[in-house]
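Comments concern the structure below.
All residue numbers refer to positions in the sequence shown, counting from 1.
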Amino acid sequence: MKHLETLLNFPINGNKLNGFSFDEIGDDHLYTGIETPLNQDAFLLSDDEKKEKISDLFAQIMQVMGLDLTDDSLKGTPERVAKMYIDEIFSGLNPANKPKIALFDNKYQYNQMLVEKNIQFYSNCEHHFVPIFGKVHVAYISSGKVIGLSKINRIVQYFANRPQVQERLTNQIARELAEVLETEDIAVIIDAKHLCVASRGIKDDSSATVTSYYGGAFNKPEKIVELHNYLNL
């Protein structure tokens with residue numbers, strides 16, 4: 001329990017979190033910080049060792065649910081899931097997969113905002129392990145350096161490829177871009193659908209969630225209006 005208190009950064013009394021039971025919290029998102037919660041020994045096992053363990057454990061889950069793992073259609077599922085988890089949809093947990101970023105001098109002397117909009121992303125809600133998907137819009141004003149456009153997409157995908165909360169994903173992308181581009185003039189907007197809302201629980205398929213980060217010059221109302229005009233928001 002103490003480990004969980006440290007991880008969440010606020011006290012747990014009995015089975016309560018800030019005075020609420022986990023049942024009372026229900027589907028509400030717990031945004032515990034900008035860092036993805038990881039154990040200190042998260043990378044002691046190799047990717048192959050992790051896949052082997054996940055395959056074994058997922059086979060147990062399937063067996064508990066009553067599925068016949070001798071069936072030709074199901075026998076390869078545990079291995080496929082393990083490979084998908086480590087090599088694809090949760091590959092952003094491993095720092096070794098962080099994209100290598102090269103900067104270039106802003107020789108064009110382009111000093112207005114650059115907007116990369118409608119970056120498609122797929123992630124997974126860390127509370128139910130079902131998909132979050134939608135569009136990310138990114139803008140920055142050069143401090144003298146520029147980044148290749150495809151690298152913005154790769155940064156988005158790196159942080160999306162892990163169990164996520166949309167608020168954290170927004171801030172992680174913004175923080176990384178600010179560090180890489182050496183500027184606070186960063187804006188990130190995410191418009192996403194959560195299948196934990198759409199396909200289960202309340203089963204509301206019409207709603208979407210929008211989060212934003214505005215740094216530096218983008219904190220000025222006129223810059224926000226300009227950005228939204230580019231995005232047609």
- Check whether any side-chain heavy atom of Ser46 sits under 4.5 Å from a side-chain heavy atom of Glu49, and report yes or no. yes
- Query: With hydrophobic residues grouped by side-chain heavy-atom distances under 4.5 Å, do Phe129 and Ile86 end up in a single group?
  - Reply: yes
- Query: Would Tyr214 end up clustered with Val115 when hydrophobic side chains under 4.5 Å apart are linked, directly or stepwise?
  - Reply: yes
- Query: Are Leu69 and Met84 connected, step by step, through hydrophobic side chains (Ile, Leu, Val, Met, Phe, Trp, Tyr) whose heavy atoms are closer than 4.5 Å?
  - Reply: yes
- Query: Are side-chain heavy atoms of Val165 and His127 found at a separation under 4.5 Å?
  - Reply: yes
- Give a yes or no on whether the backbone of Lys107 and the side-chain of Asp105 come within a donor-acceptor separation of less than 3.5 Å. no
- Message: Counting only heavy atoms from other residues, nucleotides and ligands, does the tally under 6.0 Å from CD of Glu226 exceed 12?
- Response: yes
- Task: Indicate whether the side chain of Gln172 and that of Thr36 have a donor and an acceptor atom separated by less than 3.5 Å.
- Result: yes
- Task: Check the pair Leu103 / Val180 against side-chain contact (heavy atoms from CB on, under 4.5 Å), numbers first and verdict last.
- Result: CA-CA 8 Å; Leu103 293 181; Val180 168; 3.9 Å; yes
- Message: Tell me if a side-chain donor or acceptor on His137 pairs with a main-chain N or O of Ile189 at a distance below 3.5 Å.
- Response: no
- Message: Closer than 3.5 angstrom, by distance alone: can the side chain of Arg200 be matched with the main-chain N or O of Cys196 as a donor-acceptor pair?
- Response: yes
- To the nearest 0.5 angstrom, please state how far the NZ atom of Lys50 sits from the CG atom of Leu44. 8.5 Å
- Message: Just verifying a value: how many Å separate Lys98 NZ and Phe159 CZ, rounded to the nearest 0.5 Å?
- Response: 5.5 Å
- Would you tell me whether Thr211 and Gln166 have side-chain atoms, one donor and one acceptor, within less than 3.5 Å of each other? yes
- Task: Report the distance from atom CG of Asn118 to atom CG of Asp191, rounding to the nearest 0.5 Å.
- Result: 9.5 Å
- Can you name the nearest heavy-atom pair linking Glu176 to Ile155, along with the distance? CG-CG2, 3.9 Å
- Validation row: Gln112, Ile141 side chains within 4.5 angstrom (heavy atoms): no
- Under 3.5 Å, side chain of Arg168 to main-chain N/O of Gly33, donor-acceptor pair present? yes
- Does the side chain of Ile147 reach to within under 4.5 Å of the side chain of Ile101, using non-hydrogen atoms? yes
- Query: When you look at CZ of Arg80, are more than 12 heavy atoms from neighbouring residues, nucleotides or ligands closer to it than 6.0 Å?
  - Reply: yes
- Heavy-atom closest pair, residues Tyr122 and Asn161: O-OD1, 3.9 Å
- Item | Stepwise side-chain contact (heavy atoms from CB on, under 4.5 Å) check, Leu195 with Cys125 | CA-CA 8 Å; Leu195 288 193; Cys125 167; over 6 Å; no
- Message: Counting neighbours of CD on Gln109 that are heavy atoms of other residues, nucleotides or ligands and sit closer than 6.0 Å, is the number greater than 12?
- Response: yes
- Leu93 and Pro163, any side-chain heavy atoms less than 4.5 Å apart: yes
- Between Tyr158 and Pro95, which heavy-atom pair has the shortest distance, and what is it? OH-CA, 3.5 Å
- Query: Should the ring pair Phe58 and Tyr85 be called parallel, tilted or perpendicular, given that the plane angle runs from 0 to 90° and is split at 30 and 60?
  - Reply: perpendicular
- Message: Quick one about Ser143 and Thr183 (side-chain donor to acceptor, distance below 3.5 Å, no hydrogens or angles considered), yes or no?
- Response: no
- Task: Grab the two heavy atoms, one from Thr77 and one from Ser73, that are nearest each other, plus how far apart they are.
- Result: OG1-O, 3.8 Å
- Query: Where is the tightest heavy-atom contact between Ser55 and Pro78, given as atom of each residue plus distance?
  - Reply: O-CB, 3.3 Å
- For the atom pair CD1 (Ile173) and CG (Leu177), what is the distance rounded to the nearest 0.5 Å? 7.5 Å
- Query: Would a hydrophobic clustering, with Ile, Leu, Val, Met, Phe, Trp and Tyr connected at side-chain separations under 4.5 Å, put Leu149 with Val188?
  - Reply: yes
- Please walk me through it: do Asn124 and Gln164 pass side-chain contact (heavy atoms from CB on, under 4.5 Å)? CA-CA 6 Å; Asn124 279 267; Gln164 271 294 11; over 6 Å; no
- Message: For residues Phe104 and Ile186: do they belong to one hydrophobic cluster (side chain heavy atoms under 4.5 Å, members Ile, Leu, Val, Met, Phe, Trp, Tyr)?
- Response: yes
- Item | Phe43 atom CZ: more than 12 heavy-atom contacts under 6.0 Å | yes
- Query: Going by distance alone, is a donor N or O of one side chain under 3.5 Å from an acceptor N or O of the other, for Asp68 and Thr70?
  - Reply: yes
- Inter-residue atom distance Glu52.CD - Asp47.CG, 0.5 Å rounding: 13.0 Å
- Query: If only atom types and distance count, is the side chain of Asp185 paired as donor or acceptor with the main-chain N or O of Tyr140 below 3.5 Å?
  - Reply: no
- Query: Is the side chain of Lys83 donor-acceptor paired with the backbone N or O of Lys51 at a distance under 3.5 Å, no angle test?
  - Reply: no
- Query: Passes side-chain contact (heavy atoms from CB on, under 4.5 Å), Ile132 versus Lys193? Steps please.
  - Reply: CA-CA 6 Å; Ile132 306 169; Lys193 182 178 288 291; over 6 Å; no
- Message: Using modelled atom types and a 3.5 Å cut-off, is there a donor and acceptor pairing between side-chain atoms of Arg162 and backbone atoms of Phe90?
- Response: no
- Item | Side-chain heavy-atom pair Lys117, Lys135 within 4.5 angstrom cut-off | no
- Task: Please check if the side chain of Asp71 supplies one atom and the backbone of Lys75 the other of a donor-acceptor pair under 3.5 Å.
- Result: no
- Task: Can you see which heavy atom on Ser212 is nearest to which on Thr170, and at what distance?
- Result: C-CG2, 3.8 Å
- Is a salt bridge present between Arg175 and Glu35, judged by a nitrogen-to-oxygen distance below 4.0 Å? yes
- Message: Just checking Glu184: does its CD atom have more than 12 heavy atoms from other residues, nucleotides or ligands closer to it than 6.0 angstrom?
- Response: no
- Task: Measure from the side-chain N and O atoms of Gln157 to the backbone N and O of Gln120, and report whether any donor-acceptor pair falls under 3.5 Å.
- Result: yes
- Side chain of Asn39, backbone of Asp41: donor and acceptor closer than 3.5 Å? no
- Task: Nearest 0.5 Å please: distance from the CD atom of Glu182 over to the NZ atom of Lys145.
- Result: 8.0 Å
